[in-house]
Structures are given as structure tokens and as C-alpha cells.
Amino acid sequence: MEFSGVDGFLGTRASIMLDVVFLAMFAVVPVMVASIALARYRNDFTWHKRIQLTLAIVLAVAVLAFEIDMRFFTNWAERAAPSPYFNSASKWTSPVGISLLVHLCFAIPTAFIWIYVVSGAIRHFPVPPTPNSYSARHKFWGRVAAIEMTMTAITGWVFYYLAFVA
Ligand code: HEM
């Protein structure tokens with residue numbers, strides 16, 4: 001079938017950026033878990049910082065490219081149309097639409113929480129990073145940020161499957 005935008009490489013109906021982000025999340029979540037484990041069990045805060053900053057930058061670039069793709073090149077609803085879980089007449093009440101709304105309920109807050117956690121950590125921890133009076137706040141919001149990112153990935157995968165695979 002012919003769709004607007006550039007087709008992806010996974011052989012589904014998704015566009016290239018949908019495929020990139022779908023796959024990238026399989027790397028982002030384990031790398032994030034490993035980085036938190038480095039801080040928690042090895043007290044390696046320098047590598048924790050490096051990895052988290054790298055993840056934040058890579059994600060920011062990916063989100064930007066993804067948004068440009070979705071707003072200007074790819075019509076996701078057109079690509080989702082052949083799915084038995086999609087109904088063009090009632091886009092937002094079909095399983096695909098609902099799964100996208102659920103996904104956005106995680107994805108949008110996650111972006112803001114990550115900005116808050118990264119900027120807070122940079123401003124309040126010394127260089128090189130070591131625990132201090134900011135630790136309790138960072139640990140709390142760092143865990144929230146990690147859980148939100150994991151939920152963003154899971155709900156994103158569900159949407160991808162319902163819209164572009166089924
Ligand atoms: C979104 C990015 C980040 C997330 C999700 C995150 C998450 C976490 C989490 C969950 C912990 C607690 C680990 C435990 O259970 O002991 C932690 C610890 C820590 N993080 Fe981050 N972190 C991020 C970015 C950063 C950055 C950029 C820095 C440095 C500037 C940093 C410095 C630290 C330090 C020093 C600790 C140890 C706190 C302590 O044990 O007292 N983190 N981080």
C-alpha cells in the first residue's frame with residue numbers, strides 16, 4: 001500500500017521514524033536500568049551521569065525528529081487504517097486511538113520530568129557528582145522518571161502493534 005512519508009525498515013506499516021523510536025526504546029530502557037544500578041550498587045556516579053546525559057540528548061534528538069516526521073510527513077491514521085483495531089470514523093475511541101491517548105499520558109509528562117531531573121541534578125550535584133543534600137529529591141524524582149520512561153516504552157509498543165502490525 002502507498003502511504004505518505006518514508007516507509008520504515010521493519011516490514012510493518014510504520015514510517016521510518018516510528019520504526020527508529022520503536023526499536024530505540026528496547027535499548028533505552030535496559031541502558032537506563034544499568035545506569036541506575038551503577039549509581040545504586042557501584043557508587044559510580046560519574047558513569048551514571050554520563051549515561052543519563054547521553055540518553056537524555058539522544059532521546060531529545062529522537063523526539064524532535066519524530067515530531068517533525070509526524071507533523072509534516074507521516075499520517076499515522078492513514079497507516080493505521082487497515083488495522084482491525086482502528087476505525088477512521090471514530091479515531092479516538094477505537095482501540096488504536098485509546099492506546100495512543102494512554103501512550104501520550106505517559107510520554108508527555110516523561111519529557112518534562114526528565115528535563116527536571118537532569119537540570120536539577122546538574123545544578124545541585126558537584127563535579128564530579130557525589131551524593132549530597134539533594135540526593136533524596138533526586139532519588140525520588142529519578143525513580144519517577146525511570147518508571148515513566150518504562151511505561152512510555154511499553155504503551156508505545158502496544159500502540160505500534162495495534163496500529164501498524166495488526
Ligand atoms: C533523567 C536522568 C536521571 C535519572 C532517571 C536518574 C535516576 C537516578 C536514580 C533512580 C538514582 C537512585 C539510585 C538508588 O536507588 O540508589 C540516582 C542516583 C544518583 N544520581 Fe541520577 N539520574 C539521572 C541523572 C543524573 C545526573 C545528570 C546526575 C549528575 C549530574 C546524577 C547523579 C546522581 C547521583 C550523585 C546519585 C546518587 C545519589 C545518592 O545515592 O545519594 N543523576 N539517579
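Atoms within each ligand, like the ligands themselves, are counted from 1 in listed order.
Across Pro129 and Lys49, no two heavy atoms sit closer than the pair CG-CD, 3.8 Å. Here the closest heavy-atom approach between residue Trp76 and residue Lys91 is recorded as CZ2-CE, 3.9 Å.
At distances below 3.5 Å, at least one donor-acceptor pair connects side-chain atoms of Trp157 with backbone N or O atoms of Phe22. A donor-acceptor pair under 3.5 Å is formed between the side chain of Ser83 and the backbone N or O of Leu162. Judged purely by atom type and a 3.5 angstrom limit, Asp19 uses its side chain to pair as donor or acceptor with the backbone of Leu10.
Judged as a side-chain hydrogen bond (donor to acceptor under 3.5 Å, both in side chains), the pairs with a partner in residues 124-140 (not counting sequence neighbours) are, in order, Tyr116-Arg137.
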Between the protein and ligand 1, which nitrogen or oxygen pairs come in under 3.5 Å, and how far apart is each?
| from | atom 1 | to | atom 2 | distance (Å) |
| --- | --- | --- | --- | --- |
| ligand 1 | 15 (O) | Arg40 | NH1 | 2.7 |
| ligand 1 | 15 (O) | Arg143 | NH2 | 2.8 |
| ligand 1 | 20 (N) | His48 | NE2 | 2.9 |
| ligand 1 | 20 (N) | His138 | NE2 | 2.8 |
| ligand 1 | 22 (N) | His48 | NE2 | 2.8 |
| ligand 1 | 22 (N) | His138 | NE2 | 2.9 |
| ligand 1 | 41 (O) | Ser135 | OG | 2.6 |
| ligand 1 | 42 (N) | His48 | NE2 | 2.9 |
| ligand 1 | 42 (N) | His138 | NE2 | 2.9 |
| ligand 1 | 43 (N) | His48 | NE2 | 2.8 |
| ligand 1 | 43 (N) | His138 | NE2 | 2.8 |

